[in-house]
Amino acid sequence: MSASPQKAKAGAEKLDVVVSAVVPLNDLVTRFEFKRSDGQDFPPFSAGAHTVVEMHDEGRTRLNPYSLMSDPADTSTYAISVRRDDEGRGGSLFLHRKVSEGDQMVITYPVNLFSLDLRAGKHIFFAGGIGITPFMAMIEQLERSNGHWELHYSARSPELASYAGDLQSKHPANVHVYYDSKGEAIDLEHLLDGQPLGTHAYVCGPAGMIKWVHDTATAHGWPDDNVHSEEFLAPQPGKPFQVRLCKSDLTIDVGENESLLEAMERCGVDAPFLCRGGACGQCETDVVESDGTFLHRDHWLEGEDHASGKKIMPCVSRFVGKSLVLDR
């Protein structure tokens, strides 16, 4: 097999990989490890990066982003950890039920939308559930550079706290774990008040936790630039709608359980993406005209962009109405 990467649509590069290990961690979370199919090392990545995993599921292609949790210094292996979501759109179920060691797959080159700010004097991490994954790589990177960090990790129970035991064993002074089942909770206000000047906070977890950390930090005078978060939004189902694509000269139907981006890809449209979760801005598309209501669900566009009706993020947002024409 050629050592050069595949060229994906819209300029993104993809890598042929083989699943080198499938490791169940608990009832909900499994780690998947990959090697390059050509035997070469992976491209280097910085902690906080993600890859998009391509899954071919009974005639449907799923492309889901997952944080790389492996050591950035070890380019022989990429690893992700995936929480099974029985109520989700099927990506996590595909990985848990249909992927085995030795399978050939395709993933994208890493993209980092949640990087460490190396100017910080200290890094404080807040993780909720599967949100622990990017911090695994961040901790490895900071340990190698003698960075100053601490982790506060909230999990439902000890049985579902992926990697908590390993982290506490390796870094007993830095790692603090809180279990909902024991009535434990992060004392966020106290923690944010007690940090030295120049500390940066990072949060990855459920939407409510992310909002809580941002709102509390703002209330306690933290600069916005010192608070970092990552949340990939899954496209939500909705009423089917039709869209006209000017440049492609196509009219396409968007199904109830697919995103606008997925519908465009299904119809052969060269649509750009990096995160597929409403965070990176890569798929931002201009609206030529519309008669209806936008359901904006992204983290990228500003409020005035949402209100203008002139832009949409096809990866997560939808439309309800008579007509929609896009400059795509």
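Keep in mind that what you see is a predicted model, and the values were worked out from it rather than measured.
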> Are the side chain of Arg318 and the backbone N or O of Pro237 linked by a donor-acceptor pair below 3.5 Å?
Replying inline: no

> Could you give the distance from CZ (Arg31) to CD1 (Ile80), rounded to the nearest 0.5 Å?
Replying inline: 11.0 Å

> Got Leu113 and Cys275 here, is their nearest side-chain heavy-atom distance under 4.5 Å?
Replying inline: yes

> Is a donor on one side and an acceptor on the other found under 3.5 Å between the side chain of Thr216 and the backbone of Trp212?
Replying inline: yes

> Between Val17 and Phe94, is there a shared hydrophobic cluster once you connect ILVMFWY residues whose side-chain heavy atoms come closer than 4.5 Å?
Replying inline: yes

> Would you call the rings of Tyr78 and Phe42 parallel, tilted or perpendicular, where under 30° means parallel and over 60° means perpendicular?
Replying inline: parallel

>> Any heavy-atom pair between the side chains of Arg36 and Asp41 that's under 4.5 Å?
In response: no

>> Distance check, rounded to the nearest 0.5 Å: Ile107 atom CD1 versus Lys14 atom NZ?
In response: 11.0 Å

> Do the side chains of Pro43 and Leu15 get nearer than 4.5 Å, heavy atoms only?
Replying inline: yes

> What heavy-atom pair brings Ala49 and Pro110 nearest, and what distance separates the two atoms?
Replying inline: CB-CB, 4.1 Å

> Rounded to the nearest 0.5 Å, what separation is found between the OG1 atom of Thr285 and the CG atom of Leu326?
Replying inline: 6.0 Å

> Among the clusters formed by ILVMFWY side chains lying less than 4.5 Å apart, do Leu167 and Leu25 turn up in the same one?
Replying inline: yes

> Per the salt bridge (Lys or Arg N to Asp or Glu O under 4.0 Å) rule, which among Glu262, Glu258, Glu54 passes with Arg60?
Replying inline: Glu262

> Does Ser92 reach the main-chain N or O of Asp85 with its side chain, forming a donor-acceptor pair under 3.5 Å?
Replying inline: yes

> Considering residues at least two apart in sequence or located in another chain, which fulfil the side-chain hydrogen bond (donor to acceptor under 3.5 Å, both in side chains) criterion with Glu58?
Replying inline: Lys98

> What are the two closest non-hydrogen atoms of Ala155 and Ala161, and how far apart are they?
Replying inline: CB-CB, 3.6 Å

>> For a quick test of reading the model, state the closest non-hydrogen atom pair linking Val19 to Phe34 and the distance between them.
In response: CG2-CE2, 3.9 Å

>> Salt bridge check, Lys122 against Glu150: does any charged N sit closer than 4.0 Å to a carboxylate O?
In response: yes

> Mind checking whether His152 and Ile124 have side chains closer than 4.5 Å, heavy atoms only?
Replying inline: yes

> Do Ser46 and Leu116 have side-chain heavy atoms sitting under 4.5 Å apart?
Replying inline: no

> Can you check side-chain contact (heavy atoms from CB on, under 4.5 Å) on Ser100 and Asp103, steps first, answer last?
Replying inline: CA-CA 6 Å; Ser100 303; Asp103 286 355; 4.0 Å; yes

> Can you check whether Phe294 reaches Val287 side chain to side chain, under 4.5 Å on heavy atoms?
Replying inline: yes

> In Å and rounded to the nearest 0.5 Å, what is the CZ to NZ distance from Phe319 to Lys239?
Replying inline: 12.5 Å

>> Within a 6.0 Å radius of atom CG on Asp224, are there more than 12 heavy atoms belonging to other residues, nucleotides or ligands?
In response: no

> Taking 4.0 angstrom as the limit, do Lys311 and Asp305 come out as a salt bridge?
Replying inline: no

> Atom CE of Met136 and atom CZ of Phe125: how far apart are they, to the nearest 0.5 Å?
Replying inline: 12.0 Å

> Heavy-atom distance under 4.5 Å between the side chains of Lys170 and Ile139, does that happen here?
Replying inline: no

> Short question: side chain of Glu230, backbone of Phe114 - any donor-acceptor pair under 3.5 Å?
Replying inline: no

>> Starting from Val22, can I reach Ile130 by hopping between I/L/V/M/F/W/Y residues whose side chains sit under 4.5 Å apart?
In response: no

>> Evaluate Glu289 against Ser323 for side chain to side chain donor-acceptor pair (under 3.5 Å), listing each step before the verdict.
In response: CA-CA 8 Å; Glu289 60 181 75; Ser323 65; 5.0 Å; no

>> Holding to ring pair (Phe, Tyr, Trp, His ring centres under 6.0 Å), I want the full list of residues that pass it with Tyr153, two or more places apart in sequence or in another chain.
In response: none

> Under 30°, 30 to 60°, or over 60°: which ring-plane class applies to His200 and His228, parallel, tilted or perpendicular?
Replying inline: parallel

>> Treating Trp222 as the side-chain partner and Leu192 as the backbone partner, does any N or O pair qualify as donor plus acceptor under 3.5 Å?
In response: yes

> Which atom pair, heavy atoms only, marks the closest approach of Val254 to Ala263?
Replying inline: CG2-CB, 3.8 Å

> What closest approach, in Å, do Asn64 and Gly91 show between heavy atoms, and which atom pair accounts for it?
Replying inline: ND2-CA, 3.4 Å

> Given Arg244 and Asp327, is the salt bridge (charged side-chain N to carboxylate O under 4.0 Å, His left out) satisfied, shown in steps?
Replying inline: CA-CA 9 Å; Arg244 176 70 183 168; Asp327 185 29; over 6 Å; no

> So does Arg83 pair up with Asp27, basic N to acidic O under 4.0 Å?
Replying inline: no

> In Å and rounded to the nearest 0.5 Å, what is the CG to CE distance from Leu95 to Met105?
Replying inline: 5.5 Å

> Is there a side-chain contact (heavy atoms from CB on, under 4.5 Å) between Asp86 and Leu93 once you walk through the steps?
Replying inline: CA-CA 7 Å; Asp86 295 324; Leu93 292 176; 3.4 Å; yes

> Can Asp298 and His306 be counted as having a side-chain donor-acceptor contact under 3.5 angstrom?
Replying inline: yes

>> Keeping Thr108 on the side-chain end and Thr51 on the backbone end, is there a donor-acceptor pair under 3.5 Å?
In response: no

> Is the side chain of Thr75 donor-acceptor paired with the backbone N or O of Pro44 at a distance under 3.5 Å, no angle test?
Replying inline: no

> Applying salt bridge (charged side-chain N to carboxylate O under 4.0 Å, His left out), which residue pairs with at least one partner in residues 189-202 are found, sequence neighbours left out?
Replying inline: none

>> Using side chain to side chain donor-acceptor pair (under 3.5 Å), reason through Asn226 and Thr199 one step at a time and then give a plain yes or no.
In response: CA-CA 7 Å; Asn226 286 30; Thr199 299; over 6 Å; no

>> With a 4.5 Å cut-off on side-chain heavy-atom distances among I, L, V, M, F, W and Y, is there a chain of contacts connecting Leu250 to Ile312?
In response: yes

> Just one of His176, His123, His171 clears the ring-ring contact (aromatic ring centres under 6.0 Å, His included) bar with Trp149, so which one?
Replying inline: His171

> Which heavy atom of Gly121 sits nearest a heavy atom of His148, and at what distance?
Replying inline: O-CB, 3.5 Å

>> When you group the ILVMFWY residues by side-chain heavy-atom contacts below 4.5 Å and let the links chain together, are Leu301 and Leu295 in the same group?
In response: no

>> Within the 3.5 Å criterion, strictly below it, is a donor on Thr61 or His56 matched to an acceptor on the partner's side chain?
In response: yes

>> Please check: side-chain N/O of Ser317 versus main-chain N/O of Arg297, any donor-acceptor pairing under 3.5 Å?
In response: yes

>> Between Lys35 and Ser76, is there a side-chain heavy-atom distance shorter than 4.5 Å?
In response: yes

>> Assess the residue pair Ile252 and Val243 against the criterion (side-chain contact (heavy atoms from CB on, under 4.5 Å)); give the C-alpha distance rounded to whole Å, side-chain angles, the decisive distance to 0.1 Å, and a yes or no.
In response: CA-CA 6 Å; Ile252 65 173; Val243 57; 3.2 Å; yes

>> If only side-chain N and O atoms count, and only distance matters, is there a donor-acceptor pair under 3.5 Å linking Thr251 with Gln242?
In response: no

>> Evaluate Arg328 against Leu245 for side-chain contact (heavy atoms from CB on, under 4.5 Å), listing each step before the verdict.
In response: CA-CA 5 Å; Arg328 177 65 69 195; Leu245 305 177; 4.2 Å; yes

